[in-house]
Amino acid sequence: MAGHNFLFVPGPSNVPNRILRAMAVPMEDHRSVKFPALTQEILAGLKRVFKTESAAPIVFPSSGTGCWEAALTNCLNPGDQILASRFGQFSHLWCDMGRRLGFDMNIIEVEWGEGAPVEGYRSALAADVQHQIKAVLVCQNETATGVTSDILAIRQVLEDLGHPALLFVDSVSALGSIDFRMDEWKVDICVAGSQKGLMLPAGMGITCVSQKALQAAQNSRHPRCYFDYLDMVKSNGTGYFPYTPSIPMLYGLREALVMLEEEGLENVFARHHYLAEGVRAAVTQGWKLSLCAKAPQWYSDSVSAIVVPAGFNAAEVIERAYRRYNLALGAGLSKVAGKVFRIGHLGDLNEVMLMGAIAGAEMAMLDCGIPVTPGSGVAAATQFWCTHEAPVGLGAGA
Ligand SMILES: Cc1ncc(COP(=O)(O)O)c(C=O)c1O
């Protein structure tokens, strides 16, 4: 097959060559005297990405899902009440995990395409006068629908009510792409993974745990072993891990953190927003299609879920894009299967790369009979990107 595969699923994202090269290392002794310097550099860099002074970043050899399980089993007791909202496949899966692990899940159902229901959380927490709810779960960026939620607003609800529940945030498809503030938003556990904004292969669960959550872990009787925060924090304190870490992934993570800092985190977020705006222009102004996200307040800067017109099957567009144009688009999951395809616009990306995804999706839609005007998506994105100032971080530099 000529040419390369265009990877535009919302994770794994494209791994930059710099990171691939950084990962091409011989194995080394993870108990050597030299090793703690690597661990310490990584943990310090992660603190800056999570925007925390006091919380502990933790790297597990898992994916993001492992960090969900760690959050639930480290800080809660069997049968504890959890308050969560469900508005897409990933918020659903976290709720489902809570149920399967034996917690008492209070779930606020929200229409897919909307985000975390601030007033829903307020009324549920206000009614909980005995403070039986021990943790509040929120998905910052619902990857299935391309919806971003306001975490600070949920924190504010807890503050307004003086409710002591821990705040757990799934930032798997936001961290490193969309602003996240551990300390300012007083998040107790942030859950993320390596394969999205951090531009690495999948295989690392990356999480951050507040001092309040670590205190809760001291008091938790929930069984856990491999994912024990306290074992990890104790070992990390000396620069080591409680078990064998993945050396290439650690070197890759170190390089990813350097790259994010070189660009500047705020510039990284501005770039994601600017690129996402171009994609949204293609979808709404060019193709005259709708996003699954129901209103601009929910629009995600890391992924767009695009609704195909009634009578068409988005799965066919995805298959056509893959087979004919070597372009991987994200599938519609669960309730929106067949109804949406997704363009992931996160990680190491620029306008011209995204043009490939827009043009390829456009051709695949046309091949499937969807009446979009040829060139309309590319034209709308061009119009947007050529009339708005690009954030630093785009272009080859001087
Ligand atoms: C928002 C969100 N949460 C959780 C997950 C699960 O993460 P992982 O696949 O790394 O286990 C994903 C994966 O795409 C996600 O997008």
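Just follow the structure's listing: the first ligand is 1, and inside any ligand the first atom is 1. What you are looking at is a predicted structure, and each value in this text was computed from that prediction instead of being measured.
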Is there a donor in the side chain of [X] and an acceptor in the side chain of [Y], or the other way round, less than 3.5 Å apart?
X	Y	result
Glu362	Trp287	yes
Asp301	His345	no
Tyr121	Ser85	yes

With sequence neighbours excluded, residues passing salt bridge (Lys or Arg N to Asp or Glu O under 4.0 Å) with Lys51 | Asp179, Glu266

Give every pair formed by an N or O atom of ligand 1 and a protein N or O atom closer than 3.5 Å, one pair per line with both atom names and the distance to 0.1 Å, or write none.
residue	atom	partner	partner atom	Å
ligand 1	3 (N)	Asp170	OD1	3.4
ligand 1	3 (N)	Asp170	OD2	2.6
ligand 1	10 (O)	Gly64	N	2.8
ligand 1	10 (O)	Gln195	NE2	2.8
ligand 1	11 (O)	Ser63	OG	2.5
ligand 1	11 (O)	Gly64	N	3.2
ligand 1	11 (O)	Thr65	N	2.8
ligand 1	11 (O)	Thr65	OG1	2.5
ligand 1	14 (O)	Lys196	NZ	2.6
ligand 1	16 (O)	Thr143	OG1	2.4

salt_bridge(Asp188, Arg155) N-O dist < 4.0 Å | yes

Using the ring of each side chain (for Trp, its six-membered ring), is Phe384 parallel, tilted or perpendicular to Tyr274, with breaks at 30° and 60°?
-> tilted

